[in-house]
Amino acid sequence: MSTINYSEKIPNNVNLGEDRTLQRALEGWQPNFINWWDDVGPEGSTNYDVYLRTAVSVDPNGWAQFGHVKMRDYRWGIFLNPGDANREIHFGDHKGEKAWQDVPGEHRANLRRIIVTQGDTEPASVEQQRHLGLTAPSMYDLRNLFQINVEEGRHLWAMVYLLHKHFGRDGREEAEALLQRTSGDQDNPRILGAFNEKTPDWLAIFMFTYFTDRDGKFQLSALAESAFDPLARTTKFMLTEEAHHMFVGESGVSRVLARTAQVMNDLKTDDPAKVRAAGAIDLGTIQRYLNFHYSVTIDLFGADQSSNAATFYSSGLKGRYEEGKRSDDHILKGQTYKVLEVVNGQLQEKDVPMLNALNEVLRDDFIKDSMAGVGRWNKVLEKAGIPTRLAVPHKAFNRQIGALAGIKMSPDGRVVSEAEWTARKAEWLPTPEDFAFVASLMGRVVEPGKFAGWIAPPVMGINRQPVDFEYVRFG
Ligand SMILES: [Fe+2]
Ligand SMILES: [Fe+2]
């Protein structure tokens, strides 16, 4: 059951061949997906043979097979984690009932909205990253970018399968629309803000995969608890792929820091101008990129108080991160949670019903997880003897969504005047000069084993291959 059938046009482990109607519908969508990939997927990559991993089974161990493939021939498909026929709903008002194999009519609209919103982020990130291959700092990094791109494409397949199988005609229309919205498009943008931002350079993609793919991890983890069993099973499998995306971000930033620290030590300087002149990225710029990507990403969790969040939880559609490991009643009625609000221009905590604060609960879980990795980045600086430390900004910094939108807050958590914000914004968020400087470093370095001057090589290669392995063969 957990082996994937690659003899069919659409690889799958859901016995697609036994459901001719569904198979035909998905085979109708497939050419549109390939057209989308050709139009807005990685630029100029059609003839490349890329050393990619492909899922061959959904068993937790050994599910990946590595080999050189053309990305447009990547075996995108439909892979669900093995099911448990006796699985019970373990939170919300339906707790203790059998998990659903089909969509209950009363939850149809909400479930479709959840699946479409998740599905929309997957192709969006491929679009955002479309041009980065042209400025890769190494062949190793180029390969990692492409790995992420094909897996986000597969995540789109995962959501489209659910739409086609469980939502009839509406589902098929939504699946088409997922290929029509475009990241950053004026008239038909992607659904969520962070997925319409630009990812202009490789410092941005490392921050994006560290922070924004981690949002993916938390959203998918919450959906992996769902009472709708096919959604739970497919998101569980997506999570195994997501881990590599976050690794690319975390190790990417670590390598940038290692190189910057080396330059600072060689020149015995902490002057950003001298660091830049030596072709490395100064720590101030790295911190400003971090501030931007962190603040834009925590907005993705939505409003701090939300009746939708309460409905999604109580009706069993979306759980909390690691719901099964928590020791409360998993119903949460009558419980409270602290959120921030602005009173007379100052931040205050207030207790609100926990069910309404579940976006904030998930955001706080994300923040904890994010900070752990920033601590590991600081270890790189500490080891190199550099006293500067990176930090995530205050939760209320640069927010556009929820009760904190519209207040002006310094990264260290002081409410500031409009005048101070305007005067100091350039210390806190990347400036046009920062972007121009980072862009000036972005040349294409793709000879095996060579690395751009602003980033250190990785400690090891992919799948135990050497760092100078030919990860991409250019056709
Ligand atoms: Fe994804
Ligand atoms: Fe991802």
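Counting from 1, the numbers follow the sequence of the chain as shown. Every number for a ligand or one of its atoms is a count from 1 in the order of the listing. Since we're looking at a predicted model, the values are computed, not measured.
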Do we get R214 above Y210's six-membered ring, with its NZ or CZ under 6.0 Å from the centre and within 45° of the axis?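 Output yes; distance and angle both within limits.
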So, for S183 and E197, which heavy atoms are closest and what is the spacing to 0.1 Å?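 Heavy-atom minimum between the residues: OG-O, 4.3 Å.
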With sequence neighbours excluded, tell me which residues meet side chain to side chain contact (heavy atoms under 4.5 Å, CB included) with N378.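 Testing N378 for side chain to side chain contact (heavy atoms under 4.5 Å, CB included), a comparison that skips the adjacent residues, returns V374, L381, R389, L390.
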Got a sec, which residues hit side chain to side chain contact (heavy atoms under 4.5 Å, CB included) with D73, two or more places apart in sequence or on another chain? K70
Applied to residues 434-459, the ring-ring contact (aromatic ring centres under 6.0 Å, His included) test, sequence neighbours excluded, yields Y289-F435
Distance criterion under 2.8 Å: protein N/O/S atoms around the Fe ion (ligand 1):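 Protein heteroatoms (N, O, S) closer than 2.8 Å to the Fe ion (ligand 1) number 3.
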Do we see a donor-acceptor contact under 3.5 Å between the side chains of Q101 and D229? yes
